[in-house]
Amino acid sequence: MGAGRDVSYNAIGADSTVIDNRQTHVHLAAHEVSWPLQVGTIPSLATAFQPRDSLRNEVNAARACGSAAVLTQVLSGGGGVGKSQLAAAYAAEALHDGTDFVLWATAVEVQQVITLYAQAAVLVSAPGATGDDPEGDARALLAWLATTGQRWLVVLDDIADPTGMSGWWPASRIGTGWVLATTRLHDANLTGSGRRRVHVDVYTPEEANAYLRTRLSDEAEHLIDDAVDDLTAALGHLPLALGHAAAYMLNQDLTCAEYLAKFSDHTRSLEQLLPETADAEGYGRQIITTLLLSLDAAQQAEPAGLARPALELAALLDPAGHPLSVWKTPAVLSYLTEHRPLPPDGGRGQDAVTAEQGGAVLRVLHRYALINSDRRKENRAVRIHALTARAARQGTPASASPHLARAAADALLQIWPAPDQPHPDLAAALRSNADHLQHHTGDALWLPHSHPVLQQAGKSLADAGLDSAAVEYWKKLAVASHRIHGDNHRETLLVRVNLATALYEARRTDEAISLLQDVLRDQERVLETGHPDVTNARANLAAFYQQAGRHHEAIPIQEMIFAERKSILGSQHLLTLLIQSNLAASYGQAGRAGEAIPLQKVVLAGRKRSLGHTHPETLTARNNLAMSYGEVGRLDEAIKLIKEVLDDRIGVLGSRHPHTISTRTTLALFYSRAGQFHEAVPLLESVLADQEQDLESRHPHTLATRNNLAVSYWKVGRTKEAIALAEKVLRDYERSLGALHPYTLNARKNFESYRK
C-alpha cells in the first residue's frame with residue numbers, strides 16, 4: 001500500500017475543533033465487509049437522558065410519511081435544545097437493532113461530510129471507490145447507498161451550509177435506509193426533495209424536572225428541594241443549561257433554591273452561573289458560545305449588519321413574545337439605521353433602514369435560530385429564549401444600553417393603541433413587554449426623565465379593570481422614583497398621585513384620600529402657586545371625596561377648579577370637561593340631579609366632538625347622563641340611552657369588562673324601577689354568572705347583584721328562588737360585614753318579607 005498526502009487544516013470559529021481534511025490515496029482490492037459497520041463517532045448520551053417521547057413520535061410520524069426513494073428527517077432548533085442527543089439516541093438504537101451500516105458525520109462544513117463519505121466508501125467496498133479521489137469516492141458511497149440491500153442510517157449533524165449540501169444527501173431507491181440531519185437553521189433549502197423538518201424545542205416542564213431530579217439524585221439527593229420547578233423554568237427548560245447547572249450545583253453543593261437565588265441575581269454573568277468547567281456532558285462549548293454561535297453568520301446575511309443590533313433590542317423584551325409591528329416602528333428603524341456598522345470601505349452615511357428590511361432581519365434571526373418569528377401568533381409573533389436573551393444582553397456594550405432602552409420603549413408606545421381595551425390581548429402583550437423592558441434596563445427609563453411608557457403601562461392596567469395589579473404597579477414605581485429622584489421631585493409626586501388614583505379605582509377610598517392629601521401638601525410646598533399638578537391633585541381629591549360620599553367636601557373644590565379651568569382653558573377643553581363631569585356626578589350623588597343634567601349634556605357634546613361617539617370617555621359621559629335621567633324619574637330616556645351605551649361598550653370593551661358589567665347592572669336597575677322585572681331578571685342572572693366567575697363570591701358587587709336578583713325573583717313570583725338566594729345573601733353579608741351593618745339589616749328585612 002502506498003500513500004501520498006495533501007494536508008489542510010480548517011478552523012470553524014471560536015471554541016471549535018480543528019478539522020484535518022487529509023486526502024489519502026489508498027489502492028485496495030475488494031474485501032469482505034464485516035457487518036454491522038459504524039463510521040464516525042456517535043456522541044454518548046447525556047446522564048439522565050430524557051427519551052422525549054412526544055418529539056420521537058413526531059419524528060417517527062415523519063418517517064412513516066416518507067417515500068421509499070427518499071426518507072430524510074431534519075431536526076431543526078436553536079443551540080442547546082438537544083438535537084444531537086436525540087439523533088445520537090436514534091443512532092445507538094439502530095446499532096442495537098442490527099442496522100448494518102451507521103454513519104455519523106459532523107456537517108458544519110460540507111468538506112467534512114465528503115471526507116467521511118469517501119472513507120466509508122472504501123470500508124464498504126463501494127463499486128468505483130479507489131481511495132485516491134475523495135469526491136469520486138464520496139459519490140461512489142451515495143451510489144452504493146441508493147441500491148444496497150443492507151439496512152443503513154446516515155446522520156448529518158449540525159448542517160451549517162444547506163446550499164453546499166445540495167447533491168450530497170443520501171437516498172435509498174429500495175427503502176433500506178434513512179437520513180437524520182440536525183441543524184440550527186430554519187432554511188427552506190433543508191426541505192424539499194422528500195426531506196421533512198421536525199422542530200426541536202426545549203424540554204417540556206415534565207422532562208426538565210425529571211432530568212434535574214435524576215441527575216442530582218444519582219449523586220446528591222439532598223440538593224433536591226421544592227424549588228426544582230422554579231429552577232427548571234428559570235433555565236428555560238433548555239437541556240444544555242440544565243446539564244451545566246446540575247454539574248455546577250453538584251460541584252458547589254448547592255440546593256435548587258440556593259442555585260436559583262444565584263441565577264436570579266442578574267448582576268452575575270452566565271459564565272459564572274453556567275461555567276465551561278461544568279460541561280460534564282462534553283458538549284464542548286461554553287453556553288453563551290452555544291446560544292450565539294450563529295450570530296456572526298447572521299450579521300453577514302442580508303440585510304447585512306442588522307442582526308446584532310436587532311437581537312440586542314429583542315433581548316430586552318418579553319421572551320414569550322412581542323408584536324411583529326414593533327419592527328416597523330420609526331423608533332426601531334431609526335435605531336437599526338444608527339447602529340448598522342459602517343461599510344468596510346469606511347464610507348460615511350447610509351440609507352435609512354426600511355420597514356421591509358426590519359422584517360427581513362427578523363427572518364434572518366429566525367433562520368439562524370436566534371429568535372422565533374411566527375406571524376400567525378400576532379401579538380406574540382417574535383419570541384426569544386430567555387437564556388439567548390440574557391446572553392445577548394450580557395454582550396451589549398454598556399454605552400449602547402440607554403439608547404437601546406429608549407428605542408424599545410418608544411417602539412412600544414408607537415404601537416400602543418389608544419384606547420387599548422378594544423384590543424385586550426395586544427394590551428396584555430404590551431404591558432408584559434414594558435415590564436420586561438423595565439426589569440432589564442435598570443434606571444435607563446427614568447433618566448433624565450421618566451419615559452411615558454411607564455405611565456402608559458399603569459394606565460393600561462386600570463383600563464383593563466386590573467385594579468389590584470395597578471396598585472402594586474404604582475407602588476413599585478413609587479419606590480423606584482423615590483430612590484432615583486428623591487421624595488420632593490415632581491416625578492415622584494406624580495407617581496404618588498397615580499398610586500392614589502389606583503387605590504381609588506380599587507375602591508380603597510380611605511387610603512386614596514389619605515395618600516392624596518399628603519401628596520397635595522407636598523406639592524403645595526415644593527411647586528409654585530397655580531401649578532397644573534396642584535390643580536389636578538385637587539380635582540382628584542374632590543373625586544375621591546365624591547366616591548366616599550363626602551359630597552359637601554367635593555362640591556366646593558370642584559366648583560372652584562371648574563371656574564379656574566373655564567377661564568384659563570375655555571369651556572370646551574378636555575380638562576375643563578373632565579372637572580365639569582366630576583362636578584355633575586357630585587351634584588347627582590348629592591340629590592341635585594336636576595342641576596347635573598345640563599352640565600352632563602355639555603360634557604357629552606364636547607367629548608363627542610373631540611373624541612368621537614364611542615371613545616371610553618364619551619361612553620362614560622353618556623352613561624352618567626343616563627344615570628341622571630334615572631335619578632329624576634325620566635326612565636324611558638334613561639333606558640333608551642343606557643341600552644345604546646351597553647351596545648357600544650360591548651363593541652369597544654367586550655361583554656366581560658367591568659365597565660360593561662356595570663352598564664348591564666344599571667340597565668337592570670332601570671328596568672326594575674320601571675316595574676319591568678321580567679326584563680331585569682335575565683340581565684341580572686347573566687351579570688351574576690360573570691361576577692361569580694371573575695370576582696370573589698363575597699365581593700361587594702357580587703353580593704349586591706345577588707340581592708337585586710332576589711328582589712326581582714320575588715317581584716315576578718319566583719318565590720322559592722327568591723327565598724333561597726336572599727338567605728345566601730344574608731349569610732354572606734353577616735360573614736363579611738357583621739350582623740348590624742345596614743346592608744345586612746336590609747338583607748334580613750328582604751329575607752323575612754319573602755317568607756311571609
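Positions are given from 1, in the same order as the sequence printed here. These numbers come from a predicted model, not from an experiment.
- When side chains are defined from C-beta on, Glu685 counts as touching Val681, because their heavy atoms get closer than 4.5 Å.
- Thr744 and Glu734 share no side-chain donor-acceptor pair at under 3.5 Å.
- Nearest heavy atom pair, residue Ser460 against residue Asp420, reads OG-OD2, 2.6 Å.
- Taking the six-membered ring for Trp and thresholds of 30 and 60 degrees, Tyr733 and Tyr743 have ring planes inclined between 30 and 60 degrees apart.
- Side-chain contact check for Ile642 versus Asn623: some heavy-atom pair is nearer than 4.5 Å.
- Gln523 contributes no side-chain N or O that, together with a main-chain N or O of Ala537, makes up a donor-acceptor pair within less than 3.5 Å.
- For His551 and Tyr545, the gap between ring centers reaches or exceeds 6.0 Å.
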Given side chain to side chain contact (heavy atoms under 4.5 Å, CB included), test Val332 with Thr329 step by step and report yes or no. CA-CA 6 Å; Val332 166; Thr329 60; 3.5 Å; yes
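- Under the 4.0 Å criterion applied to side-chain N and carboxylate O atoms, Asp732 and Lys728 are assigned as salt-bridge partners.
- With salt bridges taken as basic N to acidic carboxylate O contacts below 4.0 Å, none links Asp467 and Arg508.
- Heavy-atom neighbours of Arg755 CZ from other residues, nucleotides or ligands within 6.0 Å: at or below the threshold of 12.
- To the nearest 0.5 Å, atom NE2 of residue His531 and atom CG of residue Asn536 are 9.5 Å apart.
- Electrostatic pairing of Asp690 and Arg664 counts as a salt bridge here, judged by a charged N lying under 4.0 Å from a carboxylate O.
- The backbone N or O of Leu437 sits less than 3.5 Å from a side-chain atom of Thr441, completing a donor-acceptor pair.
- To the nearest 0.5 Å, atoms CD (Glu505) and OG (Ser468) are separated by 12.0 Å.
- For residues 593-603, the set of pairs meeting the side-chain hydrogen bond (donor to acceptor under 3.5 Å, both in side chains) definition, not counting sequence neighbours, comprises Arg592-Glu595, Gln600-Ser628.
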Could you walk me through whether Gln438 and Leu477 satisfy the side chain to side chain contact (heavy atoms under 4.5 Å, CB included) test, starting with their C-alpha distance in whole Å, then the side-chain angles of each, then the deciding distance to 0.1 Å, before giving a yes or no? CA-CA 10 Å; Gln438 290 181 59; Leu477 258 61; 3.7 Å; yes
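- The main-chain N or O of Ala563 is found under 3.5 Å from a side-chain atom of Ser567 such that the two form a donor-acceptor pair.
- Checking Ser481 against Glu491 by side-chain atom types alone, no donor-acceptor pair falls below 3.5 Å.
- Considering every non-hydrogen atom in both Gln558 and Leu583, the closest pair reads OE1-CA, 3.6 Å.
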Quick one: do Asn746 and Asn707 satisfy side chain to side chain contact (heavy atoms under 4.5 Å, CB included)? Show the steps, please. CA-CA 10 Å; Asn746 182 66; Asn707 183 70; 4.2 Å; yes
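- In this structure, Leu725 CG and Arg718 CZ are separated by 10.5 Å, a value rounded to the nearest 0.5 Å.
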Determine, step by step, whether Asp410 and His451 satisfy the side chain to side chain donor-acceptor pair (under 3.5 Å) criterion, reporting the C-alpha distance in whole Å, the side-chain angles of both residues, the deciding distance to 0.1 Å, and the verdict. CA-CA 8 Å; Asp410 288 345; His451 194 282; 2.6 Å; yes
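- Residues Glu752 and Arg748 meet the side-chain proximity criterion, which asks for heavy atoms closer than 4.5 Å.
- At distances below 3.5 Å, at least one donor-acceptor pair connects side-chain atoms of Thr618 with backbone N or O atoms of Gly612.
- Taking a 6.0 Å sphere around CZ of Arg525, one finds it holds more than 12 heavy atoms contributed by other residues, nucleotides or ligands.
- The environment of CD in Glu528 is crowded: more than 12 heavy-atom neighbours from other residues, nucleotides or ligands sit within 6.0 Å.
- Atoms CZ and OG, from Arg607 and Ser581 in turn, are 4.5 Å apart once rounded to the nearest 0.5 Å.
- Partners of Trp416 by ring-ring contact (aromatic ring centres under 6.0 Å, His included), not counting sequence neighbours: none found.
- For Lys640, the salt bridge (Lys or Arg N to Asp or Glu O under 4.0 Å) test picks out Glu644, with sequence neighbours left out.
- Annotation: the span from Thr535 atom OG1 to Ile579 atom CD1 amounts to 9.5 Å, rounded to 0.5 Å.
- Using a 30° and 60° split on the angle between ring planes, His436 and His440 fall in the tilted class, from 30° to 60°.
- Between Leu454 and Trp446, the closest side-chain pair of non-hydrogen atoms falls below 4.5 Å.
- In this structure, Asp636 places its CG atom where only 12 or fewer heavy-atom neighbours from other residues, nucleotides or ligands lie under 6.0 Å away.
- Ile639 CD1 to Leu669 CG: the interatomic distance, rounded to the nearest 0.5 Å, is 9.5 Å.
- The number of heavy-atom neighbours closer than 6.0 Å to NE2 of His678, taken from other residues, nucleotides and ligands shown, is 12 or below.
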Give the intermediate values and the outcome of salt bridge (charged side-chain N to carboxylate O under 4.0 Å, His left out) for residues Arg496 and Asp522. CA-CA 11 Å; Arg496 292 169 65 200; Asp522 290 340; 3.0 Å; yes
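- Between the side chain of Thr492 and the backbone N or O of Asn488 there is no donor-acceptor pair closer than 3.5 Å.
- Looking at Arg380 and Asp318, a side-chain N of the basic residue comes within less than 4.0 Å of a carboxylate O on the acidic one, giving a salt bridge.
- The only option from Asn433, Val382, Asp435, Ile384 that meets the side chain to side chain contact (heavy atoms under 4.5 Å, CB included) definition with Leu317 turns out to be Asn433.
- Of the possible polar contacts, one joining the Ser753 side chain to the Asn750 backbone as a donor-acceptor pair under 3.5 Å is found.
- For the pair Ser432 (side chain) and Ala429 (backbone), a donor-acceptor distance under 3.5 Å is absent.
- Between Pro616 and Asp463 there is no side-chain heavy-atom pair separated by less than 4.5 Å.
- For Ser662 (side chain) and Pro658 (main-chain N/O), no donor-acceptor pair under 3.5 Å exists by modelled atom type.
- At a threshold of 4.5 Å between non-hydrogen side-chain atoms, the residues Phe562 and Glu559 do not count as touching.
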If you apply the rule side chain to side chain contact (heavy atoms under 4.5 Å, CB included), what do you find for Tyr629 with Leu635, and how did you get there? CA-CA 7 Å; Tyr629 283 154; Leu635 289 173; over 6 Å; no
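- Using a 4.0 Å cut-off between charged nitrogen and carboxylate oxygen, Asp443 and Arg483 count as a salt-bridge pair.
- The main-chain N or O of Leu362 is never found under 3.5 Å from a side-chain atom of Ser373 such that the two would form a donor-acceptor pair.
- Look at Arg538 and Glu524 and you find a salt bridge, because one of the NZ, NE, NH1 or NH2 atoms lies within 4.0 Å of a carboxylate O, short of that distance.
- With salt bridges taken as basic N to acidic carboxylate O contacts below 4.0 Å, one links Arg622 and Asp648.
- Within the 4.5 Å cutoff, the side chain of Asp533 has no heavy atoms near those of the Leu493 side chain.
- Counting non-hydrogen atoms of neighbouring residues, nucleotides and ligands closer than 6.0 angstrom, the NZ atom of Lys566 reaches no more than 12 such neighbours.
- Ser610 contributes a side-chain N or O that, together with a main-chain N or O of Gly606, makes up a donor-acceptor pair within less than 3.5 Å.
- Counting non-hydrogen atoms of neighbouring residues, nucleotides and ligands closer than 6.0 angstrom, the CG atom of Asp510 reaches no more than 12 such neighbours.
- Side-chain contact between Tyr587 and Ile597 is absent, with no heavy-atom pair separated by less than 4.5 Å.
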